[in-house]
Structures are given as structure tokens and as C-alpha cells.
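First comes the structure, then the notes that go with it.
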Amino acid sequence: MNKLTFLKSDRSNIQLVLIIGLFLITISIFDVFLNSFFKINLISFLPSKISFIFPLVIGMMGFHLIRIEYSGNRYIDILNKNINTSTFNAFLTLLILFLILKAIPPSLSWMILDANISGDSKDACTGSGACWTYIKVWFRRFMYGMYPNEQHWRINTAFLLVIGLGTFGLFATEKMKKFLALYYVVIYPILAFLIIYYLISGGYFGLEWIETGAWGGLSLTFIVSFFCLIFCFPLGMLLALGRRSSLPAVRYISIGYIEFWRGVPLITVLFMSSVMFPMFLPEDFFMDKLVRVIIAITLFEGAYCAEVIRGGLQSLPRGQYDAAKSLGMGYWKMHIFVILPQALKLVIPGICNTFLALVKDTPLIFVVGLAELAGMLALAKTNPKWLGFAMEGYIFASIIFWIICYAMSKYSYNLEEKYKTER
Amino acid sequence: MSEAIIKIENMNKWFGDFQVLKDINLEVEKNKKIVVCGPSGSGKSTLIRCINRLEEHQKGSIVVDGTELNENTKNIEQIRAEVGMVFQQFNLFPHLSILDNCTLAPIWVRKMPKKQAQELAMHQLEKVQISDQAQKFPGQLSGGQQQRCAIARALCMEPKIMLFDEPTSALDPEMIKEVLDAMVNLAKGGMTMIVVTHEMGFAKEVADEVIFMDEGMIVEKAETKEFFANPKSDRTKLFLSQIL
């Protein structure tokens, strides 16, 4: 019986048991730490198999010992409640901890300690780690594509202008608030288009004309995502309303549209837009490849948006429609003032989902010869002077995409919070 | 005798194969208060929902304030603006404050200037005694307060007729009284009202006529005193004996 008392405290020797438990856990973590950071094996005298699982066993014993209700120590209670509720959870905790400890030194040395960033050619990369020189040298290409270096200020200015116009809503006075929806749905896209057309594309006001084929890199990612986002949302809204319309023609057209676009892969849509579509156009009619691609993605994502918004419309109780109608509101007034504000609020997470997918789908435009960020990477990694740095490039792109997407999802959480007035 | 503001002739309605309303004939004169009662499923709610065409009838005619209800949507929107309705589940707009709930329709349907609409709304909210809650959202109010707000919202359109669809059925017993009080006040002001309710006390107090419906038909229609004192049909007697 004595032995059992030692394995599980009967609260008489609680302090001792806690100390032994914590000591065992510390030993196990310390062992793995030394092993992974300094290549020292404290228990190398044991057979290799036992020494391999030794930290896990010791750690599990430690966790078992400190798993006591109301141990008297606040921190141990928190630990028990969150990561040490059962033997299995303790096991997972230790496993994850060990994996992280094991993963840190190699990734750290690859990404920072053994990495190179100086110099401007492949020869500068002498270390065994990452070659950030590659990113540094290609940075402008990754950001601006084949756009001429001395013209980059045009892209920067255009983006600043577009962002500046986008913040207009924050400064709008009470009187202008009425027109905000109109501004964002109609005026803003047109202004943004004009700015990008005249400033980035050029050809007017003494600015050199630069064809869209030369655009690229992250700035192209932004341009494509931006226009697709602002156009596919209203399109989706109309389609969602259309699918619920009582007019059969409108309803069937909407259903047909949505089911068609949801049924085809984006990559074929892009091919169609750039290869097939011009064949059906009259000879003298010219539409830029980039514009065609943006339209294609917008039409495609609009169908997804429509279904997300329809979900929101369907979740509203019928009473809301009844109440709006009973006050004499017509179809559009009812939807604009009563139904859509509530439905759109409900579908913020879903819409954010669709938008994130859209941003991450933009690399697909590479198939029609437009090289945005991921496309530029694909070009750069096949450059004979810079072979063998695909890893660095993809890590760089992942980080950038992650930042963009995380910012978008954070913003959507903020919106949700902001409009949470009831229920 | 004043003219009828609502005139229903041989009105029939089906939900699929099921006939909900059978040969309804009803005339409501201006400033009269009508209470409609009857067992659940008897078509009371459907009847008053037909009056502002939240439900469409299939046969017969409904004329409200001189306009026949038909496919013409513009007509219907005009009628609905003149006919206020209060629902069992309040149906306030949860994304708007109480004040905005009341001003929304006057501003956008009646084209009233915002200032004037707000004054009107505050006046109506004062009448139902919730003007101090004007800036709150519906979700922050009790059921009784929400229903009174719903009444004020309907009144802000300055309707000629008010329809009440079981306005107290979703309320706690304690809150029923405050809503009924608001309705009694409204009745004393001379509004034309059609009220579907099980509150027989309210019927006795304000109704000019009581209609008893069962299985989609108007079984009995009589002056209030007459209705409670000597109901004619056996079905009415049975109903009254159970409810009173």
C-alpha cells in the first residue's frame, strides 16, 4: 500500500509529491532541450531505445504526480485544468512540447543563423542555410513584376490613392453617410479603376504606356483581388436575391448562373477567358487580358458569394419580411433597409471565407501568363543564374499570403464585433 | 351609419389543398373595434393577414379603403401603408434602435423629413410609455416593451386601420396588461381596429362586435354584449364556456 500512496498522493505528503512531479517534468524537458540544442545526451549510458523514450516516460510520471485536484498552487491548478486532465492529454502535451523543441534549432539555423543575406549574386550564398540574398535581389520583381524599375513610383502612388479613397467612409459626416453605400458600390470602384488605368497603365499625361503583361508580383495580386472582391460582392448579392425571387425568369436565370459557375473549375474559366473568349469577339474589338481575367474571376466568385448570402437571407425569420411589408415597404426598400443589413451581418464569416479563397486563388492566373507573386516565384526559380532557391521563395510567398489573409480575417472579426448590436 | 372601410365578400383561401377560409363575408365600418376569437387553426390570423395581403386570397374580393386587393403591387403598398399591423412575435427590426424602428417607414415610405419623423416617433413612443427606451435596441427590451414599441411603430405610419394578430400571446402574464392598456388607449382614440385575441376581458371592454370563427368560417358575429350574454350557436357556447 505504501507504494500506491507514493504514486498518488493522499494529501498528507502533497508538497513532496508536487515537488517530485515538477522535478521529473523539468528533467524530461531539460533532457530534450539539451539533446536538441547542444546535441548532449544526458542518459547516453542507457541503451539507445530506452534513452529515446526516457524523457517521455519521466515526463508522464511527473504529470501523473502533479495531477491533484486543489493542489494549493494556482499555477499547477491551471496546468492541470488545461493540459493535464488525463494521461492521454499529458502525453499529447509532452509530445507537442518535444516536437517544438526538436524543430526549433534546425529551422532557426536554416532561416537565420546559417543564412545569407549580403551580396547580390548566387555566389554570396556560402552558408548551409537559406539564401535570403535571392529574395533581396528579386524583391522588386516579386513586388512589381516586369514593370520597369524607374516607374515603380506609379504603382505606389496609385495604391496610396486607392487606399486613401477607401478610408473616405471614416471621415464622412452624418449627412454624407446616406451615400456611403452608393459610394462604395459604384463610385469607388470606378475611381479606383480610373486611377489604376491612367496611373499604372499610363499612355496619357506623358506617362509611358506599360502593357498589362508586364505587370506582376504582389501588386498584381492586389489589383486582381481588389477588383474581384468589390465586384463579386454586389453581384453575389443580386444573384442571391434573384434566386429567392418570386419571378420565375429571374429565379431560373440566377439558379442556372450559380450552378454553372460553381460547377466549372476556375482554371478552365481562366483558360476560356484568355484563349477561347477572344475568338468569339469581332476582329477590331480588343479587351485586355487582365480585364478579361478579372471579369472571369468575378463571375466565378460571384456565384459562391451568392450562395453564402442566400444562407444569410434564409436564416432570417419570416416575421421580418411580414413586418417590413406591413409598413408599406416595397421589395427594394424592404431588402435594403431591413433584410440585407441583417442577413449580411450574419454572413460576415462566410463572406470572409470566400474572399480569402479568392485571394489565394489569384496565383492561378499564371496559367494565362500573368505572373503575380506566386507566378513571379515560378519564373524566378527557373532563372539559370538562380537555380535551387525554390524553398526560400515559397516560404517568402507563404509569409506574405499569410499576412494578407490574417489581416483580412482579423478585419472580419472586427466587423462582426462592430455590428453585434442584438441577439 | 358610416361606410364600410373594409369589405370582404365571399372570400376563400386555400393552403395547397387545404381550405383555410370558406366564404368569408365581413364589413367593418370606420372607427369600429372588432375582436376575432376562436380555437387555434380556425383561420383568424389568416383572415387578418389577408386584409393587408400578407396572404393572398384565391376567390372573392377584399376592398380596403376603397381599393380592391389584387395583383397590382403599387396598390398593395399603398394599402399596407394605411393598415398598421402588430404581430404575435413583435417582429421589431433587431439591427435598428427603437427610435429608428419607428422612423424607418415614415422616412422611406411616407417621405417624411427625418426631424419630423423623429418627433412623431417620440410622440407615439410617449403614448405607449417607452420614450425613455428610444435609443436602445429591441434585444435589450422586455417582451411587453417590445410589443408596445411595435404598436408605436405601426402608429407612426398614421394608419387608418390597425390589425392585431394575437398581440399578447407571446407575453408573460404580467406584461399582458401593459400592452392591453396601450391598445385600450388606442381604441378610445377612435382607431378602427381588428384584434385577434383570446383576451375576453379586452373584448368586453372595447369591442363593438365580436366574431367567432371555427374551421375557416365565421360561425357567429354579434354585438359584444349580445355575444357574451346569449351566444346563438352551440359551438360558440362551448368555446365561451371553456375560455371564460
Side-chain angles (χ1 to χ4, degrees), chain A residues 172-182 237 241 244-251 309 312-349 351 415-423, chain B residues 45 48-49 51-56 73-98 100-111 114 136-141 146 149-150 153-159 161-165 170:
Chain A
T173 58
E174 203 55 41
K175 218 169 188 178
M176 296 194 293
K177 283 249 159 75
K178 264 195 261 180
F179 304 106
L180 270 191
L182 179 77
M237 215 151 71
L241 292 180
R244 288 166 58 81
S245 166
S246 55
L247 309 169
V250 176
R251 187 168 66 246
I309 294 174
L313 290 174
Q314 264 167 351
S315 68
L316 290 189
R318 189 182 166 197
Q320 292 293 314
Y321 292 87
D322 284 348
K325 282 183 196 162
S326 78
L327 288 167
M329 294 188 194
Y331 181 85
W332 289 110
K333 279 176 194 163
M334 171 171 83
H335 277 96
I336 291 171
F337 297 117
V338 178
I339 303 301
L340 282 175
Q342 297 182 59
L344 294 182
K345 197 188 318 181
L346 288 173
V347 299
I348 290 174
I351 287 285
L415 278 186
E416 269 175 68
E417 275 305 307
K418 188 174 160 193
Y419 291 118
K420 201 161 69 184
T421 52
E422 77 292 322
R423 284 178 214 253
Chain B
S45 292
I48 70 165
R49 285 168 66 86
I51 294 175
N52 64 357
R53 213 177 163 83
L54 289 179
E55 304 284 356
E56 286 176 28
T73 43
K74 270 279 159 283
N75 274 352
I76 290 161
E77 279 164 32
Q78 267 165 22
I79 291 293
R80 283 175 180 160
E82 303 301 335
V83 181
M85 185 150 181
V86 175
F87 301 87
Q88 183 178 353
Q89 299 295 345
F90 330 136
N91 293 347
L92 293 175
F93 306 135
H95 62 300
L96 297 175
S97 70
I98 297 300
D100 290 340
N101 260 282
C102 294
T103 57
L104 184 68
I107 290 175
W108 293 101
V109 179
R110 287 263 193 255
K111 313 279 180 216
K114 196 173 177 187
K136 288 194 184 166
F137 285 92
Q140 298 166 305
L141 265 55
Q146 288 194 43
C149 169
R153 177 177 70 176
L155 289 176
C156 280
M157 288 295 284
E158 298 176 323
I161 305 164
M162 282 286 284
L163 307 173
F164 292 83
D165 187 1

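In what follows, every chain begins at residue 1, and chains take the letters A, B, ... in the order their sequences are listed.
- Put simply, of R110(B), R153(B), Q78(B), M85(B), the one with the most heavy-atom pairs under 4.5 Å next to chain A is R153(B).
- Only the side chain of K333(A) has a heavy atom closer than 4.5 Å to any heavy atom of chain B.
- Looking at V109(B), both its backbone and its side chain come within 4.5 Å of chain A, counting heavy atoms on both sides.
- E55(B) is linked by a side chain to side chain contact (heavy atoms under 4.5 Å, CB included) to R318(A), K13(B), F15(B), T46(B), R49(B), C50(B), counting only residues two or more places apart in sequence or in another chain.
- Of all the listed residues (A105(B), A150(B), P159(B), P106(B)), the one sharing the greatest number of non-hydrogen pairs under 4.5 Å with chain A is A105(B).
- Proximity of a side-chain donor or acceptor of H95(B) to a complementary backbone N or O of F337(A) within less than 3.5 Å is detected.
- In terms of modelled atom types and a separation under 3.5 Å, the side chain of N91(B) and the main chain of G319(A) share a donor-acceptor contact.
- A heavy-atom distance below 4.5 Å is found between the side chains of F93(B) and L327(A).
- When the side chain to side chain donor-acceptor pair (under 3.5 Å) test is applied to E77(B), the partners found at least two apart in sequence or on another chain are K74(B).
- For L92(B), the part lying near chain A is the backbone, with the side chain staying farther off; criterion is any non-hydrogen pair under 4.5 Å.
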